[in-house]
Engineer: 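The structure follows.
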Amino acid sequence: MVGYSADDYLRFSADKETIYYSEPVYACEDAYVLPTNDNSEQWGVRSDGHWTYVNCLMYSFPPQGWKIHITSTIYDAQNVLYDVAEYLFVKSISFKYLSSRTCFIQANGKYADRLESGKFITIYPSSEHIFIQLLKDLKTIVCKYDDGPYILTDKQWQNSNVFFRYGALKPRFSNEKNVPVIVTPQGDLIPDKELPLYSLPSFVDEPIYVKENNYFIEFLYLILDYSHNHYTFKHFGV
């Protein structure tokens, strides 16, 4: 079970009333808390112990498309979740988030899966238009927080804690290899992601707005040239 240590397994197995393989409740003392939602009846919330899924029951989203990830430091995580979730509730956008501080540590630890590390909140836009609007709005919401871990599978949006990629929005697996897949326009199944780097399927291109408005800050480095005994400045794009 995700979210439990070896000591937890031993404790559960010793207690026949809460034996770990049949324990129905995923709860922990360091769980992150969502803001109060005035339209809670329009939302379904469930947890698998590692992720908490918050689905808007009024609007669906496609099986695959552009998705957004929010990264955060562990110190800002609760406040980031609160601010982002409050906005997503108003906009009726489904999302998921790491359930607790313990899960956050596990997801970003030394031996964590590089394909998943850095991802604190995952957001599921229902269209490309909404995806673009979310990029702009979410950057404004999280810009006051410190930089979180870089998400290797994604592209960063305007040097912020907002990242994005194209991929599966709903679970779909290959019967042969049991790996996450997406569908090509021809109906072929191809792996959703295999390496910890940003890449696009051959049939997908970034929206024009994203291409024209994503930028990366240039840092000015001071270089000491010992051979000529003077300082020079060079620009390096990030």
Side-chain angles (χ1 to χ4, degrees), residues 1-5 8 12 18 20-108 112-113 115-127 130-131 133-135 137-138 141-142 145 148-149 151 154 161-165 167-173 180 192:
M1 288 167 58
V2 176
Y4 291 112
S5 67
D8 289 326
F12 290 143
T18 59
Y20 72 90
Y21 50 72
S22 62
E23 189 187 34
V25 179
Y26 296 94
C28 53
E29 296 179 356
D30 59 349
Y32 292 124
V33 179
L34 290 170
T36 301
N37 180 11
D38 293 334
N39 298 312
S40 57
E41 70 280 358
Q42 298 176 4
W43 295 83
V45 181
R46 64 181 179 85
S47 175
D48 62 13
H50 187 70
W51 291 104
T52 296
Y53 303 83
V54 186
N55 294 313
C56 178
L57 303 179
M58 296 180 60
Y59 304 101
S60 184
F61 51 87
Q64 63 190 56
W66 293 101
K67 66 173 71 175
I68 294 174
H69 293 111
I70 303 295
T71 186
S72 171
T73 67
I74 195 169
Y75 308 105
D76 291 330
Q78 176 59 76
N79 290 332
V80 169
L81 174 64
Y82 191 97
D83 290 348
V84 171
E86 193 170 48
Y87 166 83
L88 296 175
F89 281 147
V90 172
K91 296 295 183 179
S92 300
I93 305 293
S94 298
F95 62 99
K96 71 176 181 180
Y97 63 91
L98 291 173
S99 299
S100 66
R101 181 184 176 90
T102 298
C103 296
F104 190 106
I105 293 172
Q106 292 173 339
N108 293 283
D113 184 354
L115 297 178
E116 299 300 327
S117 61
K119 300 171 183 177
F120 175 44
I121 305 173
T122 303
I123 300 163
Y124 305 104
S126 57
S127 68
I130 292 176
F131 161 66
Q133 188 62 50
L134 286 172
L135 289 178
D137 292 350
L138 289 168
I141 291 172
V142 302
Y145 295 107
I151 300 175
D154 292 27
N161 279 339
V162 180
F163 289 73
F164 63 91
R165 67 178 291 264
L169 305 184
K170 296 179 179 178
R172 179 184 286 162
F173 296 90
D192 182 15

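Numbering starts at 1 and runs along the sequence shown.
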Engineer: Would you tell me whether T71 and N161 have side-chain atoms, one donor and one acceptor, within less than 3.5 Å of each other?
Structural biologist: no

Engineer: Determine, stepwise, if the pair S92 / Y59 fulfils side-chain contact (heavy atoms from CB on, under 4.5 Å).
Structural biologist: CA-CA 7 Å; S92 300; Y59 304 101; 3.6 Å; yes

Engineer: Enumerate, atom names and distances included, each donor-acceptor pair closer than 3.5 Å involving a side-chain atom of residues 76-87, sequence neighbours excluded.
Structural biologist:
from: D76; atom 1: OD2; to: T73; atom 2: OG1; distance (Å): 3.2
from: D76; atom 1: OD2; to: D146; atom 2: N; distance (Å): 3.3
from: Q78; atom 1: OE1; to: V33; atom 2: N; distance (Å): 2.9
from: Q78; atom 1: NE2; to: V33; atom 2: O; distance (Å): 2.8
from: D83; atom 1: OD2; to: K144; atom 2: NZ; distance (Å): 3.4
from: D83; atom 1: OD2; to: Y145; atom 2: OH; distance (Å): 2.5
from: Y87; atom 1: OH; to: D137; atom 2: OD2; distance (Å): 2.7

Engineer: Under a 3.5 Å cutoff, is there a donor and acceptor pairing between the side chains of K170 and S60?
Structural biologist: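 Side chains of K170 and S60: pair found under 3.5 Å.
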
Engineer: What are the two closest heavy atoms between L98 and A107, and how far apart are they?
Structural biologist: CD1-CB, 3.8 Å

Engineer: Please determine whether a side-chain nitrogen of the Lys or Arg among K119 and D113 lies less than 4.0 Å from a carboxylate oxygen of the Asp or Glu.
Structural biologist: no

Engineer: Counting C-beta onward and ignoring hydrogens, is there a side-chain heavy-atom pair between I70 and T122 closer than 4.5 Å?
Structural biologist: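 No, their side chains stay 4.5 Å or more apart.
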
Engineer: For residues Y97 and Y32, establish whether the separation of their ring centroids is below 6.0 Å.
Structural biologist: no

Engineer: Can you tell me how far apart NE2 (H50) and NZ (K96) are? Round to the nearest 0.5 Å.
Structural biologist: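 Result: 8.0 Å between the selected atoms.
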
Engineer: Relative to the ring of F131, is the ring of W66 parallel (under 30°), tilted (30 to 60°) or perpendicular (over 60°)?
Structural biologist: parallel

Engineer: Go through F95 and Y124 one step at a time and tell me if the ring-ring contact (aromatic ring centres under 6.0 Å, His included) criterion holds.
Structural biologist: CA-CA 6 Å; F95 62 99; Y124 305 104; 8.8 Å; no

Engineer: Nearest heavy-atom pair of T102 and D30: which atoms, and what distance?
Structural biologist: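 What the structure gives for the nearest pair is OG1-OD2, 2.6 Å.
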
Engineer: So I93 and L134, side-chain contact (heavy atoms from CB on, under 4.5 Å) or not? Walk me through it.
Structural biologist: CA-CA 10 Å; I93 305 293; L134 286 172; 4.3 Å; yes

Engineer: How long is the span from the CG atom in L169 to the CD atom in Q64, to the nearest 0.5 Å?
Structural biologist: 7.5 Å

Engineer: Apply ring-ring contact (aromatic ring centres under 6.0 Å, His included) to F104 and F120, showing your working.
Structural biologist: CA-CA 7 Å; F104 190 106; F120 175 44; 5.6 Å; yes

Engineer: Do any side-chain atoms of residues 51-58 form donor-acceptor pairs under 3.5 angstrom with protein atoms, and if so which ones, sequence neighbours left out?
Structural biologist:
from: T52; atom 1: OG1; to: S99; atom 2: OG; distance (Å): 2.8
from: Y53; atom 1: OH; to: D48; atom 2: OD2; distance (Å): 3.1

Engineer: Working note: K91 + Q133, criterion side-chain contact (heavy atoms from CB on, under 4.5 Å); need CA distance, chi angles, decisive distance, verdict.
Structural biologist: CA-CA 11 Å; K91 296 295 183 179; Q133 188 62 50; 6.0 Å; no

Engineer: Quick one, N108 with S117, criterion side-chain hydrogen bond (donor to acceptor under 3.5 Å, both in side chains). Give me CA distance, side-chain angles, the key distance, then yes/no.
Structural biologist: CA-CA 5 Å; N108 293 283; S117 61; 5.3 Å; no

Engineer: Tell me the closest heavy-atom pair linking P125 and F61, and the distance in Å.
Structural biologist: O-CB, 3.9 Å

